[in-house]
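Protein chains get the first letters and strands the later ones, always in sequence-line order, with residue 1 at the start of each.
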Number of protein chains: 2
Amino acid sequence: MPAPRLPRHGCVDRPKVNDCDSCGARALSICGSVADSDLARLGDLAEVVKLAAGAVLTREGEPAPYVFNVTTGSLRVYKLLPDGRRQIIGFLFAGDFLGLAIGEFYVFSAEAMEPTTVCRFRKGPFRALVESSSPLEHMLLHRTSHELAAAQNQMLLLGRKTAIERLASFLLDLPGHDPARPTVPGHVRLPMKRGEIADYLGLTIETVSRVLTRMKANGIISMPSQSDLIVERPDLLRAHAGGEI
Amino acid sequence: MPAPRLPRHGCVDRPKVNDCDSCGARALSICGSVADSDLARLGDLAEVVKLAAGAVLTREGEPAPYVFNVTTGSLRVYKLLPDGRRQIIGFLFAGDFLGLAIGEFYVFSAEAMEPTTVCRFRKGPFRALVESSSPLEHMLLHRTSHELAAAQNQMLLLGRKTAIERLASFLLDLPGHDPARPTVPGHVRLPMKRGEIADYLGLTIETVSRVLTRMKANGIISMPSQSDLIVERPDLLRAHAGGEI
DNA sequence: CCGGCGGGTTGAGCCAGATCAAGGCCAACT
DNA sequence: AGTTGGCCTTGATCTGGCTCAACCCGCCGG
């Protein structure tokens, strides 16, 4: 039997001073908002971590020395109940920031959904830099409040929407989230598996599957492959999503 | 038939320069983190609004000129679906801040649950002040990330917990939230009605009622009155809450 | 003292979505 | 080509919580 070899924390590149200038995610991320002088300091703090698909970045309950910035790929971020029930609280893509709300311990787990690279920063020095750089702090506040608004929408979804409404809302929201893949309108990539969609929407795998087949049957969507979806009738999809008031 | 006379926005006291020094909520709120010079500017911006029980502070979808800070009383903040289903996204108490995540329009409605006073600020000048006051911005970021963490816990609750677990978690969380009423340990005041608890926990009134009677029958809680609750067996309550991993 | 009204509780039955179980599809190995 | 394993789909059945409908209780006004 081969030894298990899931990388525990991924491998770390260590040319301590990083080339933020050439980072593809810079424009998307908090790094885009700092002046050159601060960018150099940020680069000094950063360690590039490469994650294989499925690799663990943080585990809920463990000490939390780092905060992260996703540069390529994608992460699933989730919480667990003692008996294993899982709620995915978000999918992160290039440019997304992870770790603000943490105290001494991580309050969520994060894993790569595909080959992924992140910049990680020691919390202490990062906080110090933030406090000394107003534009950086401003950017973080801006992003955090948007994340909060998104979380509140998700509460509405989880607390009050039906299965069909959840899937419809999900499919309408997804495209905006993966800047690395600006797709043709109507085309939605599903980098996550059915089980992840289910755990994000508070449903089961079977229900997700059934709802998607029903949508196919109704001509609302079509699926060239299991992870590629085309919205054939955006109007119907929007109608099903029962959007805001 | 008497004319309806629910105050639409409550009444506004206008001694334009407010006495923040004597404000009971100052220590609890963002105002506690600003230097005296900035506090004066904050006071100039503030308008005190008094709300009767049930009065509307903001309505989802309407233009959003203000942000708010609760000084006394409590608010329910919620989102609606077109057919009237409601998700309460939070209860606010003295010291809590409302309105960061808003763009041009409110994305939630807020109503007083009891006689309540809030300070309101025009968004533009408030933002300007925030950008010029690093401690204020820092405080806002701190609070917003905590709110985000709370929202993520609520997602876990709404997506994956059973009715009993939801109520148990709720009863354990509540006491921490109303600083104006530091109660004896084990005693929980329920300033909200059953329907509001239900809409906060993604349940129905009937289920909330049934679960509470079941808890009474099991000796976990007792209820001297409909809005006063005593946790008789915190251990059992915690066991039912199925806390974090 | 009565009636109405706004909560809250309780019961009976139902249903959306969970659970349990069986296959199907496809890519990676042997 | 056959086998294995991961993922997805589909069907049959079950059930937690919802819906519908009484009913209760305390409060207020007449």
*Asks:* Using atom CG of B:L190 as one end and atom C1' of C:dG7 as the other, report the distance to the nearest whole Å.
*Replies:*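 Going from CG in B:L190 over to C1' in C:dG7 covers 14 Å.
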*Asks:* Distance check, rounded to the nearest 0.5 Å: B:D96 atom CG versus B:R143 atom CZ?
*Replies:*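 One finds 6.5 Å between CG of B:D96 and CZ of B:R143.
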*Asks:* Can you tell me how far P of D:dC8 sits from CG of A:L229, to the nearest Å?
*Replies:*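 About 13 Å, once rounded to whole Å.
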*Asks:* Rounded to the nearest 0.5 Å, how far does CD of B:E165 lie from CG of B:L167?
*Replies:*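 Going from CG on B:L167 over to CD on B:E165, the span is 11.0 Å.
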*Asks:* I want to confirm an ordering. Mapping A:R160 and A:G195 to their closest nucleotides on DNA chain D, which one lands closer to the 5' end?
*Replies:*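 Result: A:G195.
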*Asks:* Nearest 0.5 Å, what's the CG-CZ distance between B:D199 and A:R160?
*Replies:*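 Atom-to-atom, B:D199:CG and A:R160:CZ are 4.5 Å apart.
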*Asks:* Would you mind reading off the distance between B:R85 atom CZ and C:dA16 atom P, rounded to a whole angstrom?
*Replies:*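 Interatomic distance, CZ of B:R85 to P of C:dA16: 13 Å.
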*Asks:* Which atoms form the tightest heavy-atom contact between A:V70 and A:F93, and what is the distance?
*Replies:*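 In this case the closest contact between A:V70 and A:F93 is CB-O, 3.4 Å.
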*Asks:* Using a 4.5 Å cut-off on heavy atoms from C-beta on, say whether the side chain of A:F108 contacts that of A:L98.
*Replies:*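 Answer yes - side chains close enough.
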*Asks:* Mind calculating the distance between CE (B:M113) and C1' (C:dG7) to the nearest angstrom?
*Replies:*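 Checked: the CE to C1' distance equals 16 Å.
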*Asks:* With no hydrogens and no angle check, do the side chains of A:S145 and B:T144 hold a donor and an acceptor under 3.5 Å apart?
*Replies:*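 Judged by distance alone, the side chains do not pair up.
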*Asks:* Does A:E111 reach the side chain of A:Y78, with side-chain heavy atoms less than 4.5 Å apart?
*Replies:*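 Yes, close enough: below the 4.5 Å cut-off.
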*Asks:* Has A:Q87 got a side-chain atom pairing as donor or acceptor with A:Y200's backbone, closer than 3.5 angstrom?
*Replies:*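 Such a contact is found between A:Q87 side chain and A:Y200 backbone.
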*Asks:* Could you give the NZ-to-P distance, from A:K161 to C:dA16, as a whole number of Å?
*Replies:*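 These atoms are roughly 19 Å apart.
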*Asks:* Specify the separation, in whole Å, of atom CG of A:L167 and atom P of D:dC8.
*Replies:*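 After rounding, the gap between these two atoms is 13 Å.
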*Asks:* Starting at CZ of A:R86 and ending at P of C:dA18, how long is that distance when rounded to a whole Å?
*Replies:*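 Distance, rounded to whole Å: 15 Å.
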*Asks:* Classify every nucleotide of nucleotides 22-27 of chain C by which part a protein heavy atom approaches to under 4.0 Å, writing B for the base, S for the sugar-phosphate alone and - for neither, in 5'-to-3' order.
*Replies:* ------
*Asks:* Taking the side chain as C-beta and beyond, is there a heavy-atom pair between A:I164 and A:M215 under 4.5 Å?
*Replies:*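 The answer is yes, as the side chains (C-beta and beyond) meet within the 4.5 Å cut-off.
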*Asks:* Looking at residues 203-225 of chain A, who's got a heavy atom less than 4.0 Å off DNA chain D?
*Replies:*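 By residue number: A:I205, A:E206, A:S209, A:R210, A:T213, A:K216.
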*Asks:* Quick one: B:I197 CD1 to C:dG7 C1', roughly how many Å, whole number?
*Replies:*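 The distance from CD1 of B:I197 to C1' of C:dG7 comes to 13 Å, rounded to the nearest Å.
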